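The analysis underlying the following values was restricted to heavy atoms, covering all of them including side chains, and did not include hydrogens, waters or symmetry mates. Numbering of residues begins at 1 and proceeds along the displayed sequence. Everything quoted here is computed from the prediction, not taken from an experiment.
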Amino acid sequence: MKTLVVGVGGITNGGKSTLSKSLHLQIPNSCLIAQDSYFKDDSLVPVDSNGFKQYDMLDALLMDTMMAEVDSWRRDPEAFLRRRGLNPECTTPSADDVVHVLIVEGFLIFNHRSRVYTPPDPPGYFDGHVWPMYLINRQEMESMESEILFLDGLKPKEELLAHVCRDVCQEIERLKEKH
């Protein structure tokens, strides 16, 4: 069984969910896991010395739970879907030709100038916490040896979707050809 994991990150209200849901609809045999579904109860979200809730940190999330879900999907995508009452799509007769795709959607802050959030951030929250955490996370991502495609979020969403969908479909075809 062949699998592909696609990660989608971006600014708050920047279109991650829209892009991820659209990809899920266009990519056969795909599944979507959204990081927003794994926030801890609000009373458990860490607070900094200024009293700001630290939603932009991994400590605000049930990451062990989310990663267990990702690992479960990676072990057996079809069983993962069946356990959730979903029917796996079998678009081709041979299991060797099927590539299962997991789309993992999560938050990372890529363009702070276009951040518009309702309700607005408390004064000092973005510059004092969100932006420094973004810089740390971005530097860590850039140092990884995996293939990361950075998109220009100012381009039309249809153009971005077409670009990502084309790249994912090319990778699916490459995986199908691999024996």
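Among residues two or more places apart in sequence or in another chain, the side-chain hydrogen bond (donor to acceptor under 3.5 Å, both in side chains) test is passed with Asp64 by none. Considering only residues two or more places apart in sequence or on other chains, Arg83 meets the salt bridge (Lys or Arg N to Asp or Glu O under 4.0 Å) condition with none of them. Every side-chain contact (heavy atoms from CB on, under 4.5 Å) that Cys169 has, sequence neighbours left out, goes to Ile27, Cys165. Partners of Leu4 under the side-chain contact (heavy atoms from CB on, under 4.5 Å) rule, at least two apart in sequence or in another chain, are Val6, Val99, Val101, Val168, Glu171, Ile172, Leu175. Ser49 pairs by the side-chain hydrogen bond (donor to acceptor under 3.5 Å, both in side chains) definition with nothing, not counting sequence neighbours.
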Would you list the atom pairs, donor with acceptor, under 3.5 Å between side chains in residues 154-163 and any protein atom, with sequence neighbours excluded?
unit_1 : atom_1 : unit_2 : atom_2 : d
His163 : ND1    : Arg166 : NH2    : 2.9

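Put simply, the side chain of Thr65 does not reach to within 4.5 Å of the side chain of Met67, judged on heavy atoms. Here the side chains of Leu32 and Lys21 are in contact, with some heavy-atom distance below 4.5 Å. Side-chain atoms of Ser17 and Glu105, non-hydrogen and from C-beta on, do get closer than 4.5 Å to each other. Ile103 has its side chain out of reach of Cys31: every pair of non-hydrogen atoms, C-beta onward, lies at least 4.5 Å apart. Two residues are said to be in side-chain contact when any heavy atoms from C-beta on lie closer than 4.5 Å; Glu69 and Arg84 meet this criterion.
Side-chain contact annotation: His100 with Thr3, donor-acceptor N/O pair under 3.5 Å absent.
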Derivation of the side chain to side chain contact (heavy atoms under 4.5 Å, CB included) call for Val104 and Val8: CA-CA 6 Å; Val104 181; Val8 177; over 6 Å; no
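Separation of atoms CG (Asp41) and CG (Leu62) is listed at 9.5 Å; rounding is to 0.5 Å. A distance of 11.5 Å separates CG in Asp59 from CG in Leu44, rounded to the nearest 0.5 Å. Interatomic distance, Phe39 CZ to Lys53 NZ, rounded to the nearest 0.5 Å: 12.0 Å. Summarising the geometry, atom CH2 belonging to Trp73 is positioned 9.0 Å from atom CG belonging to Leu81; distances are rounded to the nearest 0.5 Å. Distance check, rounded to the nearest 0.5 Å: CD1 of Ile33 to NE2 of His24 gives 11.0 Å.
At distances below 3.5 Å, not a single donor-acceptor pair connects side-chain atoms of Asn50 with backbone N or O atoms of Phe52. The closest donor-acceptor contact from the side chain of Ser72 to the backbone of Ala68 lies at 3.5 Å or more, if one exists at all.
Salt bridge annotation for Lys2-Glu177: absent, with no cationic side-chain nitrogen under 4.0 angstrom from a carboxylate oxygen.
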